[in-house]
Amino acid sequence: MSAAQPLKGRFITVEGTEGVGKSTNIAFIKKRIESACIGGEKIELVMTREPGGTELAEEIRQILLTPRSETMSVDTELLLVFAARAQHINSVIAPALARGAWVLSDRFTDATYAYQGYGRGIDITRIRQLESFVQGDLRPDLTLLLDAPVELGLARASARGELDRIELEKKCFFEKVRAGYAAQMQREPERFSLVDATQNLCDVKNQVHRILADKLGL
Ligand code: TMP
C-alpha cells in the first residue's frame with residue numbers, strides 16, 4: 001500500500017459463504033449509512049467488492065471465476081486474489097479512506113483466509129505475509145460475518161443460475177470455508193460481528209442495525 005498518511009474514514013466489510021444473503025445485507029447497511037449524519041454532515045459512502053472494484057481488478061475477477069478446462073493452481077489463485085486487492089486498495093480503498101469517506105466492501109481478505117487458506121489448504125502464514133505486503137496496516141474496522149448452513153446457501157446460489165468456478169466446488173469445500181470464517185472471527189472477536197443469516201429478513205435487518213449502532217454509533 002503506497003498511502004502513508006493516516007486513514008480517516010471507516011472501512012466495513014461483509015463476508016460469508018455462497019448464498020448467505022450478502023447483497024440484501026449490504027443494501028441494509030448502505031441505507032443506514034446514507035441516512036446517518038456525523039457532526040451534521042452526510043457520510044460519503046464508497047460501495048465496492050472483491051475480487052474487483054476497479055476495471056483491472058474486475059478483469060482479474062473474471063479470470064478467477066470463469067470455469068475453464070485448465071486447472072488453476074492454488075498458488076495462482078492466491079496471487080491473483082492479492083493482485084486484484086493491490087489494485088483495489090491503491091486505486092479505490094486507500095484514497096477513499098484518506099479523504100474521510102466510508103468504504104463498504106463485499107468481501108476482503110477474510111475471504112482469502114477462508115477460501116484459499118481453509119478451503120484450499122494454503123498455509124495461513126503465507127497469506128499473512130501477502131496481507132502485510134499488499135495491505136501494510138490496512139484492516140477493516142468492522143466485519144459483518146453472515147452465517148448459515150452451507151446447504152442453505154448453496155441451494156440459493158444454484159437457484160440464481162449458472163455457477164462460477166468457485167461455486168462449482170463441492171459442499172465439503174464450503175464447510176471448510178465456513179469453519180475458516182469462524183476461526184477468523186475467533187482470532188479477532190473485536191472486529192467481527194456475527195449475523196445469523198437463517199433468520200427472517202426483518203430479524204436479519206434488526207441484527208444489522210444493532211451492530212451498526214453498537215460498533216459505529218449509527
Ligand atoms: P461473490 O463475491 O459474488 O460471492 O464471489 C466472489 C467469489 O470469490 C466467492 O466464491 C469467494 C471468492 N473469493 C476468494 O476465493 N478469495 C478472496 O479473497 C475473495 C475476496 C473472494
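Throughout, residue positions are numbered sequentially from 1 according to the sequence presented. Keep in mind that this is a model prediction, so the values were computed, not measured. Start at 1 and go down the list; that is how both ligands and their atoms are numbered.
- For ligand 1 and Glu18, the ligand atoms under 4.0 Å from any heavy atom of the residue are 9 (C), 10 (O).
- For the pair Glu188 (side chain) and Arg191 (backbone), a donor-acceptor distance under 3.5 Å is absent.
- With a 4.0 Å heavy-atom cut-off, ligand 1 is reached by the backbone of Glu50 and by its side chain too.
- In this structure, the protein non-hydrogen atom closest to atom 7 (C) of ligand 1 is Leu65 CD2, 3.9 Å.
- Remark: ligand 1 atoms within the under-4.0 Å shell around heavy atoms of Arg85 are 18 (O), 20 (C).
- Among all protein heavy atoms, the one lying closest to atom 15 (O) of ligand 1 is Gln116 NE2, 2.9 Å.
- At a heavy-atom distance under 4.0 Å, only side-chain atoms of Ile166, from C-beta outward, approach ligand 1.
- Looking from atom 19 (C) of ligand 1 to the surrounding protein, the closest heavy atom is Ala111 CB, 3.5 Å.
- Considering backbone and side-chain N/O atoms, Glu77 never comes within less than 3.5 Å of an N/O atom of ligand 1.
- Between the side chains of Ser91 and Thr54, not a single donor N or O lies within less than 3.5 Å of an accepting N or O.
- Interface of Thr112 with ligand 1, defined as ligand atoms under 4.0 Å from a residue heavy atom, comprises 17 (C), 18 (O).
- Shown here for Leu154 and Lys171, the closest heavy-atom pair between the two residues is CD1-CA, 4.1 Å.
- We find that Glu169 and Arg120 are joined by a salt bridge, their nearest charged nitrogen and carboxylate oxygen being less than 4.0 Å apart.
- In this structure a side-chain-to-backbone donor-acceptor pair under 3.5 Å is present from Arg139 to Gly136.
- Cluster partners of Leu56: none. The rule joins Ile, Leu, Val, Met, Phe, Trp and Tyr whenever side-chain heavy atoms lie under 4.5 Å apart, and it links nothing here.
- By the ring-ring contact (aromatic ring centres under 6.0 Å, His included) test, Phe108 pairs with Phe11, sequence neighbours left out.
- Here the protein heavy atom with the shortest distance to atom 4 (O) of ligand 1 is Arg107 NH2, 3.0 Å.
- Taking a 4.0 Å cut-off on heavy atoms, Glu167 fails to register as neighbouring ligand 1.
- Under 4.0 Å from ligand 1, the heavy atoms of Lys22 that appear belong solely to its side chain.
- Residue contact annotation: Arg49 has no non-hydrogen atom under 4.0 Å from ligand 1.
- Distance CD1/Ile33 to CD/Glu44: 12.0 Å, rounded to 0.5 Å.
- For ligand 1, one of its N or O atoms has an N or O atom of Arg61 under 3.5 Å away.
- Electrostatic pairing of Lys215 and Asp141 does not count as a salt bridge here, judged by no charged N lying under 4.0 Å from a carboxylate O.
- In the vicinity of Pro51, heavy-atom distances shorter than 4.0 Å reach the ligand 1 atoms 6 (C), 8 (O), 19 (C), 20 (C), 21 (C).
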